[in-house]
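Letters A, B, ... are given to chains in the order of the sequence lines, protein chains preceding strands, and every chain is numbered from 1.
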2 protein chains.
Amino acid sequence: MPRVSTDQLAARRRQILDGARRCFADHGYEGATVRRLETSTGLSRGAIFHYFRDKEALFLALAEEDARRMADVVAEQGLVQVMRELLDTARAADRGAPEDGPGNGGTPSDGAATDRSWLGTRLEVSRRLRTDPEFRGRWQAHSAALTAATRQRLERQAAAGALRDDVPVAVLAQYLELVLEGLVSHLAMGLPAGDLDAVLDVVENGVRAGADR
Amino acid sequence: MPRVSTDQLAARRRQILDGARRCFADHGYEGATVRRLETSTGLSRGAIFHYFRDKEALFLALAEEDARRMADVVAEQGLVQVMRELLDTARAADRGAPEDGPGNGGTPSDGAATDRSWLGTRLEVSRRLRTDPEFRGRWQAHSAALTAATRQRLERQAAAGALRDDVPVAVLAQYLELVLEGLVSHLAMGLPAGDLDAVLDVVENGVRAGADR
């Protein structure tokens, strides 16, 4: 077997992740069979599972990427901005068009990743979280980045006096995460994005200084 | 076949619903096999499916009951109270004890119905909502009662001057429903009920008069 450079390894890993992301988005977690993963990545199962132990490890790697990208958006612009981008992406998916709305610059991933199909795989993850403690542990480790970023941004905002100060930062962080869970669930079920921008305005104003009357 | 009274028919229907509720709570939607439904109801499959066309119809009948009971609580005490009761019930389920917390008087159903297992079946429903438009239609008809009750209560509160008036009632209703979705998803995934009371305080205060500073 010829030796390959680190760059080549990284490129191959990237190729697998991008193909797998499309596959999960199109077919859901259960529907993303090994055969379909081969087609979408353009690689053999041998090559795929040389890089990732199994389908779950591949899925968790994608989830981790998303969590990291979302954490970056959170750090820059806050969790509400992440939610606004989820809304934009769901709307773009409904139009069957690539994302073209405003504010998509920092979208957690490049298009298909956060569309409704992708959100749908989150529901399957949720089901599994209930019943598989080991999976729950691995998932939580990956989602911890988002929680930490949310907390840190709120603490910076609190220090700058931009946050309401009658409620502990930890509670505000939990509040925002609960709304995010609701939004993910709502969009994953295929319910309309509709007027949810106005709802997110309520959420955003509710954590700002001044919300404590 | 002997003729039976309307009372007897209602009692038999009740027996099936109560047994099926336990069965779905213990085993989830997929795990609630016909054999298990027979055991939990104490009736034959013939008897069960004389009253309900199929397992889905039985599940939807339970969902409809829950939606109606929740709508009653909403009408009396608001959607945030429904959420507080979901929290209490999840905590009681974690303790493995029957519900004994305060504020359980109006719990949507009698115990097992809203415990984590039951919430788990909601995740399976959510998955299915994505892919089965007919099922989505039937489910939405049943959940419409809750939406209507939420809207009506908010409109009464608005008329009484108890609600913030800088945001349309429709938006506040959507806001509360989104938080409920988040809470259901959170608890269904087996995540801790923890400090969510404080989060619900933020939500409740956020729709009240005065929240518009």
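We find that A/Arg84 and A/Asp201 are joined by a salt bridge, their nearest charged nitrogen and carboxylate oxygen being less than 4.0 Å apart.
Considering all non-hydrogen atoms of both residues, B/Val74 and B/Arg153 come closest at O-CD, 2.8 Å.
For the options A/Val202, A/Val203, A/Val179, A/Leu180, heavy-atom pairs under 4.5 Å to chain B are most numerous at A/Val202. In terms of heavy-atom pairs under 4.5 angstrom with chain A, the leader among B/Leu178, B/Val167, B/Leu172 is B/Leu178.
Under a 3.5 Å cut-off, the side chain of A/Ser40 and the backbone N or O of A/Gly19 do form a donor-acceptor pair.
Interface residue B/Val171: backbone and side-chain heavy atoms are both found under 4.5 Å from chain A.
For B/Glu177, the side chain to side chain donor-acceptor pair (under 3.5 Å) criterion is met by B/Thr147, not counting sequence neighbours.
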